[in-house]
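Keep in mind that this is a model prediction, so the values were computed, not measured.
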2 protein chains.
Amino acid sequence: MSGPASDTSQRILDIAEELAQKRGFNGFSYADIAERLTVTKASLHYHFRSKADLGCALIERYRDAFADSLRAIERDVDGAPSKLRRYVALYDVVMRQDRMCLCGMLAAEYATLPEPMQARLRGFFDANERWLARVLGGGRRAGELAFSESPRARAARLTSVLEGAMLVARVYGDGERFNSAARNALADLVTPAPASRAARRGGRRIA
Amino acid sequence: MSGPASDTSQRILDIAEELAQKRGFNGFSYADIAERLTVTKASLHYHFRSKADLGCALIERYRDAFADSLRAIERDVDGAPSKLRRYVALYDVVMRQDRMCLCGMLAAEYATLPEPMQARLRGFFDANERWLARVLGGGRRAGELAFSESPRARAARLTSVLEGAMLVARVYGDGERFNSAARNALADLVTPAPASRAARRGGRRIA
DNA sequence: GTCTATAGGCAGATAGAC
DNA sequence: GTCTATCTGCCTATAGAC
């Protein structure tokens, strides 16, 4: 959309993103960023007039990167189960860096955030769940997935278990805790017998 | 354990708990409590020397109240499905007050918390999941519940979906979002045909 | 774009009177 | 137990030189 932001702006966002994901948006200050970038706080205000502006830029960049990842999944893999595994892998990358999903973290701080950040946060979850709902609905029609709610409700529930698993796993510093929850959440969603799926597609019926 | 804390201490904790659940532990100050209680900040420091002390007291009281609720469930209802429904209702009460689970909120802020609070937070989740794992394991042995992981892993996953659903539902200000996720999470756990359960207990076999 | 300097406010915390 | 007064430090943010 907008032109290529300056390299310094990007590095500020990189540092702010890590801090926000590890400590929360209220858990870091311009001084923390300035120290790691070895510039002064005043310089940061040149790039992002206020912390609210920085926060908005943070969400927008995260949202765009996430959207790119979802497009890459669509491009690279077929089948809802594979797409979901790739989707979960996006969260796993974050966990391995000892971070929380940026938007999950901001969700906790929601009541304290400036309104423009709140609006962008809702936008993130909306887009995320629209994509998931589409994959889930398609997978169910193809017989690859099984669930009883609406695709949108199932998407919300899947988002919940992934965000919640990250949240609690960080208390234990245990990424495997997240992986176990994610793996089993997918297993509950994918129809048990892949062989029978292939057979059904061919019109054959299996008890 | 300790003697009855003063009435003022309890009221301080009531206010701090609400603020912590709505805004996070880093999202409120002694000034916020002082204003609502119409006392001075200095008075608060008489009851809780430091904010870290207040935070520890907050978790301990929450943990004890939660443990009481779990004992009440054991006392009042039979059967794992009913126990789980009552368990979920504990979360629902919190959601209806537009609050996040205290310990879920603190989990997000974990990296910024003083170590004594971190230790108590782990203790909360440990106790919580030990209880859940026991109910889940018992329910499976009784044929009331079905799941493939260990009871402990399933307990962790159930905790995750409930905490995550609260987290995201607050962004939308939509308690029904939480309810939908919770209801369907339980449905996935409870064996489909109660009639067949009763029959199986009697030794009869159903296809 | 980055700096120095500083404003103005709020944080958690303490001393000591009552 | 609660108060007034105060301390120290950090916060976001701005002015203006370079």
Side-chain angles (χ1 to χ4, degrees), chain A residues 2-20 22-59 105-106 109 111-118 120, chain B residues 2-20 22-59 105-106 108-118 120:
Chain A
S2 53
S6 79
D7 184 61
T8 302
S9 293
Q10 287 303 313
R11 275 191 294 166
I12 292 169
L13 287 172
D14 289 340
I15 295 168
E17 185 177 86
E18 176 181 350
L19 289 167
K22 288 185 172 174
R23 304 174 53 88
F25 189 70
N26 296 328
F28 75 91
S29 70
Y30 271 40
D32 295 317
I33 304 174
E35 192 186 17
R36 303 197 192 196
L37 222 145
T38 48
V39 294
T40 60
K41 290 186 287 174
S43 296
L44 302 179
H45 280 284
Y46 169 78
H47 294 278
F48 300 97
R49 186 168 297 275
S50 72
K51 202 184 176 191
D53 288 341
L54 172 61
C56 287
L58 226 37
I59 303 176
M105 184 65 90
L106 296 179
E109 299 176 291
T112 72
L113 298 179
E115 200 281 328
M117 288 183 66
Q118 294 181 333
R120 283 163 179 78
Chain B
S2 52
S6 79
D7 183 60
T8 302
S9 293
Q10 288 303 313
R11 275 190 296 167
I12 292 169
L13 288 173
D14 288 340
I15 294 167
E17 185 177 85
E18 177 182 350
L19 289 167
K22 288 186 171 173
R23 305 174 52 88
F25 189 70
N26 296 328
F28 75 92
S29 70
Y30 271 40
D32 295 318
I33 304 173
E35 193 186 13
R36 302 196 192 199
L37 205 78
T38 47
V39 294
T40 60
K41 290 189 289 173
S43 295
L44 302 179
H45 280 284
Y46 168 81
H47 294 277
F48 300 98
R49 186 166 297 275
S50 72
K51 202 184 174 190
D53 288 340
L54 172 61
C56 286
L58 227 36
I59 303 175
M105 184 65 91
L106 297 178
E109 299 176 290
Y110 189 78
T112 71
L113 299 179
E115 201 280 328
M117 286 183 68
Q118 294 181 333
R120 282 164 179 78

Inset, instruction - Would you name the heavy atoms of B/L37 and B/R11 that are closest together and state the gap between them? - result: CD1-CB, 3.9 Å
Inset, instruction - Check the distance between C/dC10's P and B/N26's CG and give it to me in whole angstrom. - result: 18 Å
Legend entry - A/H45: ring pair (Phe, Tyr, Trp, His ring centres under 6.0 Å) partners, not counting sequence neighbours: A/Y30
Legend entry - Worked verdict on A/D53 versus A/S50 for side chain to side chain contact (heavy atoms under 4.5 Å, CB included): CA-CA 5 Å; A/D53 288 341; A/S50 72; 3.4 Å; yes
Inset, instruction - Starting at atom CD of B/E35, determine the distance to atom P of C/dA11, rounded to an integer number of angstrom. - result: 10 Å
Legend entry - For B/F48, ring pair (Phe, Tyr, Trp, His ring centres under 6.0 Å) partners two or more places apart: none
Inset, instruction - Establish, with yes or no, whether the OP1 or OP2 oxygen of C/dT2 is under 4.0 angstrom from a side-chain nitrogen or oxygen of A/T38. - result: no
Legend entry - Short side-chain N/O contact from B/S9 to OP1 or OP2 of D/dG1, under 4.0 Å: no
Legend entry - Distance-minimising heavy-atom pair for A/L106 and A/L113: O-CD1, 3.6 Å
Inset, instruction - Applying side chain to side chain contact (heavy atoms under 4.5 Å, CB included), run through A/L44 and A/H47 and close with a yes or a no. - result: CA-CA 5 Å; A/L44 302 179; A/H47 294 278; 5.6 Å; no
Inset, instruction - Let me see the working for A/E115 and A/Q118 under side chain to side chain contact (heavy atoms under 4.5 Å, CB included), right down to the final yes or no. - result: CA-CA 5 Å; A/E115 200 281 328; A/Q118 294 181 333; 4.0 Å; yes
Legend entry - Lys/Arg cation over aromatic A/F28: A/K22, 6.0 Å, 45° cone: no
Inset, instruction - Taking atom CD of A/Q10 as the centre, report whether more than 12 heavy atoms of other residues, nucleotides or ligands fall under 6.0 Å from it. - result: yes
Inset, instruction - For A/I33 and D/dC10, give me the distance from atom CD1 to atom C1', rounded to whole Å. - result: 15 Å
Legend entry - Within residues 108-118 of chain B: residues closer than 4.0 Å to DNA chain C (heavy atoms): none
Inset, instruction - Determine to 10° how strongly the helix from C/dG1-D/dC18 to C/dC18-D/dG1 is bent, judged from the axes of its five-pair ends. - result: 0°
Inset, instruction - Would you please test B/I33 and B/L54 for side chain to side chain contact (heavy atoms under 4.5 Å, CB included) and show each step? - result: CA-CA 12 Å; B/I33 304 173; B/L54 172 61; 3.9 Å; yes
Legend entry - Annotated protein contacts, base or backbone, on nucleotides 11-18 of chain D with a non-hydrogen cut-off under 4.0 Å, one of B, S, - each: SBBBB---
Inset, instruction - Taking only the side-chain nitrogens and oxygens of B/S43, find out if one of them lies under 4.0 Å from OP1 or OP2 of D/dG1. - result: no
Inset, instruction - For B/R49, check salt bridge (Lys or Arg N to Asp or Glu O under 4.0 Å) against everything at least two apart and list the hits. - result: none
Inset, instruction - Take atom CG of B/L54 and atom C1' of C/dA11, then tell me their distance rounded to the nearest Å. - result: 14 Å
Inset, instruction - Quickly work out the B/H47 NE2 to C/dA13 C1' distance and round it to whole Å. - result: 16 Å
